[in-house]
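Worksheet for the structure shown next.
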Amino acid sequence: MTTSEPSTDNVPNRNREARDLERQRLAKTLQRLHGAASDAMQARLASPHDTQPTEFSQTLNALSHG
Amino acid sequence: MAELPATLTGLQRALGQRQISGLEAIAAQRARLDRMESQLHCVVQTLYDEPRDGALAGIGLAHKDIFDSDDRRPGVGHDSGSIIRGLKPAPVLARLRRHGASQLAALSMTEYACGATGENHRFERCVNPLQPQAAVGGSSSGSAVAVASEMAYGSLGTDTAGSVRIPAATCALLGLKTTHGLLPLHGVHPLAPALDSVGILTRSAADAAVLLEATAESELLRPAVSEALRIKAWIPEADLHPSVAAALEEFARDCGAARRIDQWSGHQTLTHLAEIVLHVEAAGNHRNALLEGAASPAVRAVALPGLVIPPDWYRAALADRARRARAFVDEHLREFDIFLIPALPHPAPDWDIVSTTSPDFDARQLLALHRYMSFVNYLGFPSVVFPVARDDRGMPISVQLIGRPFHERNLLAFAHRMESLRFGSNGFTRPFLIQG
């Protein structure tokens, strides 16, 4: 007669590792996808409220007089 | 005096006639705020500043917790703020203080301004003073509750896709989204910098005008025209709840709208462009939290799509903005001064419909809150929302008026006339509170 030993494999840990791996893969994918956009975005967000007049703010100003 | 006046300008008159002193007025407002906060849950932190002289002395204001203030970094709906010695107030707050206004409190908001309601699981849910089961729009939700309940005479909020106008529409207030760049954004936590603008919530149009004049770059503001304003109305009946369509039709008739259309194909395109900019810039702001899986559901909903939107779409949306703004003026505001459109397509919803954790949650109703809002931020134009009728539950039905850039004075002058005609001299909100 054989009895099965209780498994030493920790299912919650295994699930957590799988989730972590999946998250890392997703993060890498998103970083790759977002990389090109992020250069322009990071520059913009570094000074989000730049006071230099842009073409758009000049347009708004012009439209206010029109 | 037994009771404080309903409006900021009413209190200014009482102060001018020495019916009440500035110190007494502030003390009475603080007492009301302390009394009501335990019922309405819109205050993040009570603040105290030294009384000052000026046109706004004795006037108690409270603002969305998104502005830097003296020695205090805002919590932005994520926490309760922190002490940063030497931190200077955002210029908009500094201007109000120079005019003598007192800031009574920092007010609750949706986390990082990401959301169309005040839902924020980090704080107790704020209560709509008109009807407790009714949702409070966001993200400037605490601002709407504090002003509607008369805890403060006015509040500054921010509007990136309707975050001043939606809460105003759910609480029978006037909500003004200013022209992009009219009010300085320094010291204001960004969500999507290309779309962000500081806005004003008050109980009357004249009150909003006072706060606008105190905070705006005055050389940019255009003078109000003295002749009758020409109004074009877009009422997309097929998309509107019958009670909203009927209220807008009646209002357009009453205010003499010279032209009325029910089809406008440009709305959807402009809305898509606004969404691209919003998602991509929000993703840039919250990039690390998104990639680390640490962003909250509210932030993920707004920012996560921005990680996968092609960069070219974002660049094209910004590059086309000036042309789209000119085309909008040519189509709607060349022959007219005001473009009248809906604020919300449906009556103000209850919490159980728009709260994401409710069993009756309806995502379409939540998304509908933005439908007539976000394209205005893409264009950068000013717009004002205010109530014009009641639905069958007594809740407000509001309209939205869009003007040419920097023509806020026209919008507020028109809103003031309509307010006087429909609601008398005590502002928009009290009739809804009394009935509620």
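Chain naming here is simple, since letters A, B, ... match the order of the sequence lines and numbering starts at 1 in each. Source: prediction; values computed, not measured.
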Take atom CD of B:Glu335 as the centre, draw a 6.0 Å sphere, and report whether it contains more than 12 heavy atoms from other residues, nucleotides or ligands. no

Can you give me the closest heavy-atom contact between B:Arg404 and A:Leu63, atom names plus distance? CD-O, 3.6 Å

Above 12 or not: heavy atoms from other molecules or residues under 6.0 Å from CZ of B:Arg230? yes

Work out which heavy atom in A:Ser64 is nearest to a heavy atom in B:Pro405; give both atom names and the distance. CB-O, 2.9 Å

Taking all non-hydrogen atoms of both residues into account, name the closest pair between A:Glu55 and B:Ala322 and its distance. OE2-CB, 3.8 Å

Contact class of B:Arg222 relative to chain A, heavy atoms under 4.5 angstrom: side chain

Can you list the residues of residues 374-382 of chain B that sit under 4.5 Å from chain A, counting heavy atoms only? B:Tyr378, B:Leu379, B:Gly380, B:Phe381

What is the distance from atom CZ of B:Arg323 to atom OG1 of A:Thr59, rounded to the nearest 0.5 Å? 12.0 Å

I'd like to know which of B:Asp312, B:Val329, B:Leu333, B:Leu220 tops the heavy-atom pair count under 4.5 Å against chain A. B:Val329

